[in-house]
Amino acid sequence: MYQTDKFVSSLKEWNIELSEIQIQQFIQYYELLIEKNKVMNLTGITEWEEVVQKHFVDSLALVKAIDLSEPLKILDMGTGAGFPGIPLKIAFPNLQIVLLDSLNKRIKFLQEVIENLGLKEIEAYHGRAEEFAKKQEFREKFDYVVSRAVANLATLSEYCIPYVKRSGKFIPYKSGEITEELEQSKKAIQILGGNLLEVKEFLLPDSDIGRSLVIVEKVQSTKNKYPRMGGKPSKEPLGR
């Protein structure tokens with residue numbers, strides 16, 4: 001029913017091999033996504049081939065930046081329809097994943113996905129980044145924080161870096177030209193206890209779609225006043 005050869009060969013380029021069970025989990029995830037998308041807006045991309053390339057493969061691009069064979073604890077901030085967290089969990093069952101999103105309807109969908117796919121050591125929480133960052137069990141507790149959320153890097157850094165443990169990393173997924181955005185976010189990253197290490201630029205397999213992974217190392221603890229409340233990180237980005 002679904003052509004999976006291209007999916008499998010794309011991932012082989014990145015040394016990711018999926019079992020038959022994992023491929024079936026991706027198909028099941030796709031079917032749940034498309035079904036739920038009829039009643040709520042989860043994605044504008046609905047064709048199998050496109051979802052595979054622009055959501056599944058794109059989510060797994062994290063292997064370009066880090067070794068995912070370790071039992072790492074990863075937070076997916078503003079996960080939306082579960083990207084990149086759910087594809088990462090399917091492909092790398094050893095990861096411990098926390099999904100956070102501010103829309104409860106999306107979280108209920110993700111909990112349905114987790115249950116239907118039989119995924120373990122993955123939890124989905126409904127909440128705002130600035131509120132959960134004040135909770136002791138979340139603040140500076142993650143090896144990595146990732147996000148595909150569409151937000152300015154200075155803003156996204158304020159929401160995400162407080163969750164990263166010392167010597168852990170914040171890795172946002174970016175597309176398009178980001179030189180200016182990087183320049184404008186350096187000060188914010190520094191204020192939050194981060195250090196911009198490098199940017200990995202690449203094309204998605206079998207495409208001319210350019211992507212970047214920005215790698216920010218946490219070098220010191222984030223001051224307790226961050227992230228600021230009341231939408232300030234987006235209205236008044238740090239370092240501006």
Side-chain angles (χ1 to χ4, degrees), residues 1-34 37 42-77 79-99 110 113-114 116-122 142-149 168-176 178 197-216:
M1 187 178 166
Y2 298 103
Q3 288 295 318
T4 58
D5 295 357
K6 196 174 171 189
F7 184 24
V8 169
S9 66
S10 291
L11 293 183
K12 273 195 174 154
E13 271 192 47
W14 292 348
N15 297 317
I16 300 172
E17 292 205 25
L18 299 179
S19 68
E20 196 50 51
I21 290 170
Q22 287 167 312
I23 291 168
Q24 288 308 315
Q25 285 177 316
F26 273 109
I27 289 170
Q28 206 179 345
Y29 180 23
Y30 170 75
E31 290 176 340
L32 289 165
L33 177 72
I34 297 311
N37 205 51
L42 288 168
T43 176
I45 301 166
T46 54
E47 292 300 316
W48 164 251
E49 294 282 344
E50 271 203 288
V51 169
V52 163
Q53 186 178 56
K54 294 177 183 172
H55 283 326
F56 294 169
V57 175
D58 188 51
S59 292
L60 296 174
L62 193 60
V63 295
K64 305 286 285 179
I66 55 176
D67 176 7
L68 292 171
S69 63
E70 303 291 317
L72 303 165
K73 191 171 182 187
I74 297 178
L75 170 67
D76 176 7
M77 176 65 74
T79 184
F83 306 119
I86 295 222
L88 286 169
K89 182 66 201 179
I90 295 172
F92 299 95
N94 52 286
L95 299 176
Q96 194 180 337
I97 305 253
V98 171
L99 309 170
L110 294 173
V113 170
I114 290 165
N116 275 278
L117 271 57
L119 302 176
K120 305 284 183 241
E121 288 200 292
I122 176 167
F142 293 89
D143 299 303
Y144 295 93
V145 175
V146 296
S147 185
R148 279 175 92 227
K169 293 181 180 70
F170 163 47
I171 306 181
Y173 291 57
K174 288 284 177 182
S175 56
I178 60 164
L197 278 187
E198 63 174 318
V199 179
K200 298 260 187 195
E201 294 180 357
F202 55 93
L203 296 176
L204 293 181
D206 299 315
S207 80
D208 55 2
I209 302 168
R211 290 284 189 261
S212 301
L213 291 169
V214 181
I215 305 173
V216 176

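Quick note: residue numbers are just sequence positions, from 1.
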_Tyr144 and Phe170 aromatic centres sub-6.0 Å_ = no

_Donor-acceptor under 3.5 Å (Gln25 side chain, Leu117 main chain)_ = yes

_Taking the side chain as everything from C-beta on, heavy atoms only, tell me whether Leu213 gets closer than 4.5 Å to Lys174._
no

_Polar side-chain atom of Asn94 near backbone of Leu68 as donor-acceptor pair, under 3.5 Å_ = yes

*Do Leu33 and Phe83 touch side chain to side chain, with heavy atoms closer than 4.5 Å?*
yes

*asked:* Test side-chain contact (heavy atoms from CB on, under 4.5 Å) on Leu203 and Arg211; report intermediate values, then the result.
replied: CA-CA 6 Å; Leu203 296 176; Arg211 290 284 189 261; over 6 Å; no

*Plane angle bin for Phe56 and Trp48 - parallel if under 30°, tilted between 30 and 60°, otherwise perpendicular*: perpendicular

*Does any non-hydrogen side-chain atom of Leu204 lie less than 4.5 Å from one of Gln53?*
yes

*Find out whether Ile114 and Ile86 are in side-chain contact, i.e. whether some heavy atom of one side chain is under 4.5 Å from a heavy atom of the other.*
yes

*Atom OG in Ser69, atom CG in Asn15: separation rounded to 0.5 Å?*
11.5 Å

_Please report the interatomic distance NZ(Lys73) to CZ(Phe142), rounded to the nearest 0.5 Å._
5.0 Å

_If you compare all heavy atoms of Pro84 against all heavy atoms of Val146, which two are closest, and at what distance to 0.1 Å?_
CG-CG2, 3.7 Å

_Check this for me, if you would: do Lys6 and Asp206 make a salt bridge, where the nitrogen-to-carboxylate-oxygen distance has to be below 4.0 angstrom?_
no

_Looking only at the side chains, is there a donor atom on one of Gln22 and Ser19 sitting less than 3.5 Å from an acceptor on the other?_
yes

*Is Glu70 close to Asp67 at the side-chain level, that is, under 4.5 Å between some pair of heavy atoms?*
yes

*Could you tell me which non-hydrogen atom of Gly80 sits nearest to which non-hydrogen atom of Leu110, and how far apart they are?*
O-CD1, 3.7 Å

*Looking at CD1 of Ile23 and OG1 of Thr4, how far apart are the two atoms once the value is rounded to the nearest 0.5 Å?*
5.0 Å

_pair Leu32-Asn116: side-chain heavy atoms closer than 4.5 Å_ = yes

*Heavy-atom closest contact (Val57 atom, Pro205 atom, distance)*: CG1-CD, 3.8 Å

*Considering residues, nucleotides and ligands other than Ile209, do more than 12 of their heavy atoms fall under 6.0 Å from its CD1?*
yes

*asked:* Working to the nearest 0.5 angstrom, can you tell me the gap between His55 NE2 and Ile45 CD1?
replied: 4.0 Å

*Taking all non-hydrogen atoms of both residues, which atom of Pro87 and which atom of Tyr29 are closest, and how far apart?*
CD-CE2, 3.9 Å

*Mind checking whether Ile74 and Val98 have side chains closer than 4.5 Å, heavy atoms only?*
no

*Between Ile97 and Glu121, does a side-chain contact (heavy atoms from CB on, under 4.5 Å) hold up when you go through it step by step?*
CA-CA 7 Å; Ile97 305 253; Glu121 288 200 292; over 6 Å; no

*asked:* Using every non-hydrogen atom in the two residues, find where Trp14 and Ala61 come nearest and quote the distance to one decimal.
replied: CZ3-CA, 3.4 Å

*asked:* As an exercise, state the distance from CD of Gln24 to CD of Glu31, rounded to the nearest 0.5 Å.
replied: 8.5 Å

*Decide yes or no on side-chain hydrogen bond (donor to acceptor under 3.5 Å, both in side chains) for Tyr2 and Glu49, but give the supporting numbers first.*
CA-CA 9 Å; Tyr2 298 103; Glu49 294 282 344; over 6 Å; no

_Evaluation steps, side-chain contact (heavy atoms from CB on, under 4.5 Å), between Leu60 and Leu88_ = CA-CA 6 Å; Leu60 296 174; Leu88 286 169; 4.0 Å; yes

*Checking Lys89 side chain against Leu95 main chain: does a donor-acceptor pair fall under 3.5 Å?*
yes

*For Ile178 and Ser212, work out which heavy atoms get closest and say how close.*
CD1-CB, 3.8 Å

*In Å, rounded to the nearest 0.5 Å, how long is the span from NZ of Lys54 to OG of Ser59?*
13.5 Å

*Is Lys169 salt-bridged to Asp143, going by a charged N under 4.0 Å from an acidic O?*
no

*Taking side chain as C-beta onward, heavy atoms only, is Ile171 less than 4.5 Å from Leu62?*
yes

*asked:* Please determine whether side-chain contact (heavy atoms from CB on, under 4.5 Å) holds for the pair Val52 and Phe26, giving the CA-CA distance in whole Å, both sets of side-chain angles, and the decisive distance to 0.1 Å.
replied: CA-CA 9 Å; Val52 163; Phe26 273 109; over 6 Å; no

*Is the backbone N or O of Thr46 less than 3.5 Å from a side-chain atom of Tyr30, with the two atoms forming a donor-acceptor pair by type?*
yes

